[in-house]
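Written below as structure tokens is the structure these notes are about.
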2 protein chains.
Amino acid sequence: MASRVPPSFTRFSAQNLAILGPLRAGLADSKADLAKITGLSPSTVTARVDELIGLGHVIEVGDGVSRGGRRPRRLALRHDGGIVGCIDLGIDRTSIGLVDLSGQLVARIDIELDVAAGPHPVLQRVWAEFETMLAESTAYSQLLLRGLSVGVPGPVSAETGRVIAPSRMPGWNGIDVAQILGALAGVPVLVNNDANLMALGEYAASDRREPDQVFVKAGSGIGCGIIARGELFTGSRGAAGDISHVSVPGAPPVACSCGRTGCLDALASGNALVRELQAAGREVATVEDMIALARDADPVATRLLREAGSMTGGVLATIVNFFNPDRLVLGGVLSQSEVFVTGVRAMLYAECLPLATDRLTIATATRPDDCGLLGAGTVFLDRMFSLQGI
Amino acid sequence: MASRVPPSFTRFSAQNLAILGPLRAGLADSKADLAKITGLSPSTVTARVDELIGLGHVIEVGDGVSRGGRRPRRLALRHDGGIVGCIDLGIDRTSIGLVDLSGQLVARIDIELDVAAGPHPVLQRVWAEFETMLAESTAYSQLLLRGLSVGVPGPVSAETGRVIAPSRMPGWNGIDVAQILGALAGVPVLVNNDANLMALGEYAASDRREPDQVFVKAGSGIGCGIIARGELFTGSRGAAGDISHVSVPGAPPVACSCGRTGCLDALASGNALVRELQAAGREVATVEDMIALARDADPVATRLLREAGSMTGGVLATIVNFFNPDRLVLGGVLSQSEVFVTGVRAMLYAECLPLATDRLTIATATRPDDCGLLGAGTVFLDRMFSLQGI
DNA sequence: CGAGCTTACTCCATAATCAAACAAAGAAAC
DNA sequence: GTTTCTTTGTTTGATTATGGAGTAAGCTCG
């Protein structure tokens, strides 16, 4: 791979971004296309593209196929202009990956890591593992590390970037992950909630770019990310999408860690189901075990998953009526269970107005394992290729 | 008032809009301010403002006060450049108003009108009443009627502008209000859901311009409008915010017009409460009667209003957790009842995470009677002063 | 195989925009 | 009452973007 690294990004002008945007999204790959899409004049496109080529951000990649006239000279982003480190911090498992400037995931590892060990030990371990992975990825280790993008399993303040009131991350309240990791890595760090990143990753990875989507991460916990008008919606506080502690209609008053009873997280999360299954005498340790059991037609596991689907669907029904998304995506481990997904579907169609569901697609994640890392990469690249810059 | 009408709007250039936007919003009233806010150079601002003055859209209105140097020459939009007719169609009462180009409501009348009489009779009556009102408003009848903006008490398709599946407007399904009224009036007509318009009107009228707001119209029916990132959010279908037929957690299975049971509209709407109160032997005809009864400490009316508040609050709790608005505004007739509002508040604070409510303001509408008409005006003017144009 | 058509791209005179110097008008300091 | 500083607004080359004309390079069909 190219060892000559293009100059560091500072900021792009609005017009350069108008060129880079369609190139990045794959909506255009020639000057003519760019002129059509951006509305800029052909001469301006030529001038801007030449500048971007000179700066080393864009390259010509040979000729395209003719559409009845002169064939276009195809343009592309240089994806060797750097690399972004992506980290999806989980409760007991963390994924680490590399995303190139085109948004492709080009390397990943998974490590066992208990988030309860506390911010500093966890983040030091994560950084050490990342450095090892980067050094071993010979194709990419020469490239400039542009920064890190991290997903955490708890709310992240939109203003300060700190973790706030994370019910499942003891010792992390008020922690500034960007500052700690930034000190270790010496590069810019972005931090977001994991479900938000998964929503964005799914949106970027799938063909179905519906502008209004809801992504539900049903794993050991339950989270949710919102795409509104094609952009991540977090609310001014940064906590939008947090449905863990919504009361489930008509459910038993099971005590929740938040101090109330009947919360979705206490009733339908993977952790809650495993506990119930253990109470019923089954030998299960993880959510995956439980799903395997249900696949083997265990009646209790199957019933619990179906009920969890119903309860999740009941909460989502209100949200679908209210928000009217075009697409609802189920991700997380529980989405691997057909019974759970069926439960969600059945409840949604039963509880929603036809008006709200007749255009609604209910799907499972296109790349369930990767969407967290892909979303982390997307957030970073979108910011890098924006007026704001990194 | 000026009888010379400025030339018809066609489209504004992006830069002219950059000038008009801050002037319209009251964020700037001099060339220096405009340069600061828009980021355009002072010379460009001068050129654009001169052009807009020449076109008759902007005027100089004397000198401002010095802030330590030369005093500014104050600029303003010409609000005599036309007038917009606003119509808030209700189930049995319709408001008709005039909004000038600055967004001020300058005239209004209310008429008794049963929407069930059907589209053509209703819209003909509305247009006749509007013409009478306009002719009698001598200060404005000379001005150019730019168009009409209508709110209807049912879902409106975002794509076709037609009324779709309106549960409370028999005979209106699939009706193109814009086409019917446009044929009568000969001017452009915009149609939107009434709760959406009220949300926008409240947003425009209040000082608290929080970017993420939810407006709940609790009247004879229950509707809801969403402001996300400072803009009306309707979803691609146009029906976002429709919470009438959300199931109320733990409520009795009262039959609803939608064919299901336990819907919010069947339990907590003004109509539902009046029916229940009548069943309890009270002599009430309207929602206003019921509120008056509760003010006189009638125990049944008070209990019903409080329960309705709780049920509405229970549904809104899920929405607040999910959407995380900065502001929740209660409008419609029921918001005039302190008991109802208290019920909503109590349930919301009981059911929501502190994270979701610690920044949340729960308020009643600033101008409860006018926000529908104001919102209709806002929608029209925002569209007129956009690249899209009318 | 070439005339005519289509598509892709470039050149150039015109128009728009900008930064910077300048002018106007007032406030504050001495 | 003069000097100096601030703020507002205009004028002036220099820079930048634009749209249309022109060029390049393919297709298609008689």
Side-chain angles (χ1 to χ4, degrees), chain A residues 10-55 57-78 387, chain B residues 10-23 25-55 57-78 385-387 389:
Chain A
T10 48
R11 296 270 177 89
F12 290 105
S13 73
Q15 276 195 344
N16 280 352
L17 290 172
I19 299 287
L20 289 168
L23 281 181
R24 238 160 64 71
L27 298 172
D29 71 342
S30 69
K31 291 178 184 174
D33 282 1
L34 284 167
K36 258 175 239 151
I37 288 187
T38 61
L40 298 172
S41 71
S43 41
T44 308
V45 170
T46 298
R48 298 293 114 234
V49 167
D50 287 351
E51 182 184 338
L52 288 168
I53 290 176
L55 288 170
H57 298 129
V58 171
I59 40 171
E60 295 194 341
V61 289
D63 289 350
V65 294
S66 165
R67 283 184 286 180
R70 172 174 172 174
R71 63 183 172 230
R73 278 187 273 168
R74 286 176 49 234
L75 302 171
L77 274 190
R78 286 184 63 157
L387 274 178
Chain B
T10 48
R11 295 271 175 87
F12 291 106
S13 71
Q15 276 196 343
N16 278 355
L17 290 172
I19 299 285
L20 289 168
L23 282 181
L27 297 172
D29 70 343
S30 68
K31 292 180 185 175
D33 281 2
L34 284 168
K36 258 174 239 151
I37 288 187
T38 61
L40 297 172
S41 72
S43 45
T44 308
V45 170
T46 297
R48 298 291 113 239
V49 167
D50 287 351
E51 182 183 335
L52 288 168
I53 289 176
L55 288 170
H57 298 129
V58 171
I59 41 170
E60 295 194 340
V61 287
D63 289 350
V65 295
S66 165
R67 280 184 288 182
R70 172 175 173 174
R71 67 185 168 227
R73 277 189 271 168
R74 284 176 52 233
L75 302 171
L77 273 191
R78 285 184 65 158
F385 290 110
S386 75
L387 274 178

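In what follows, every chain begins at residue 1, and chains take the letters A, B, ... in the order their sequences are listed. Below, each value reflects all heavy atoms present in this structure, side chains not excepted, and no hydrogens, waters or symmetry copies.
Between the side chain of B:Arg70 and the base of D:dT8 there is at least one donor-acceptor pair of N/O atoms closer than 3.5 Å. Donor-acceptor pairing under 3.5 Å, judged by distance alone, is present between the side chain of A:Ser43 and the base of D:dG19.
When distances run from any side-chain atom of B:Thr46 to the nucleotides D:dT10, D:dT18, C:dA25, the shortest one goes to D:dT10. Taking only side-chain atoms of A:Ser41, from C-beta outward, the nucleotide of C:dA19, D:dT18, D:dT8 with the closest atom is D:dT18. Listed nucleotides: D:dT10, D:dT18, D:dT8. Nearest to the side chain of A:Gln15: D:dT18. When the nucleotides D:dT18, C:dA8, D:dG26 are ranked by their closest atom to the side chain of A:Ser66, D:dG26 comes out on top. In the set D:dG9, C:dT10, D:dT18, C:dT10 carries the atom at the smallest distance from any side-chain atom of A:Pro42.
Classified by interplanar angle (parallel below 30°, tilted 30° to 60°, perpendicular above 60°), the ring pair B:Phe12/B:Phe385 is parallel.
Under 4.0 angstrom from either OP1 or OP2 of D:dG26 there lies no side-chain N or O belonging to A:Arg73. Note on A:Thr44: a side-chain N or O is less than 4.0 Å away from OP1 or OP2 of D:dT18. OP1 or OP2 of D:dG26 lies within a sub-4.0 Å distance of a side-chain N or O belonging to A:Arg71. Residue B:Lys31 places no side-chain N or O under 4.0 Å from the OP1 or OP2 atom of D:dT7. The phosphate of D:dT18 (OP1 or OP2) has no side-chain N or O of A:Arg48 nearer than 4.0 angstrom.
To the nearest 0.5 Å, the span separating CG on B:Leu23 from CZ on B:Arg78 amounts to 14.0 Å.
Rounded to an integer number of Å, the gap from CG of B:Leu34 to C1' of C:dT17 is 16 Å. Spacing between atom CG of B:Asp63 and atom P of D:dG9 amounts to 9 Å, rounded to whole angstrom units. When rounded to the nearest whole Å, the span between CD1 of A:Ile37 and P of C:dA8 equals 12 Å. In this structure, A:Arg74 places its CZ atom 14 Å from P of C:dA8, rounding to the nearest Å. Note: NZ (B:Lys36) to C1' (C:dA19) measures 17 Å, nearest angstrom. To the nearest angstrom, P of C:dC9 lies 7 Å from CG of A:Leu75. Atom P of nucleotide C:dC9 and atom CG of A:Leu40 are separated by 15 Å, given to the nearest angstrom. B:Arg67 has its CZ atom 14 Å from the C1' atom of C:dA27, to the nearest Å.
At a threshold of 4.5 Å between non-hydrogen side-chain atoms, the residues B:Asp33 and B:Arg74 do not count as touching. Put simply, the side chain of A:Pro72 does not reach to within 4.5 Å of the side chain of A:Asp29, judged on heavy atoms.
Of the candidates B:Ile19, B:Ile59, B:Leu77, B:Ile19 is the only one forming a side-chain contact (heavy atoms from CB on, under 4.5 Å) with B:Leu52.
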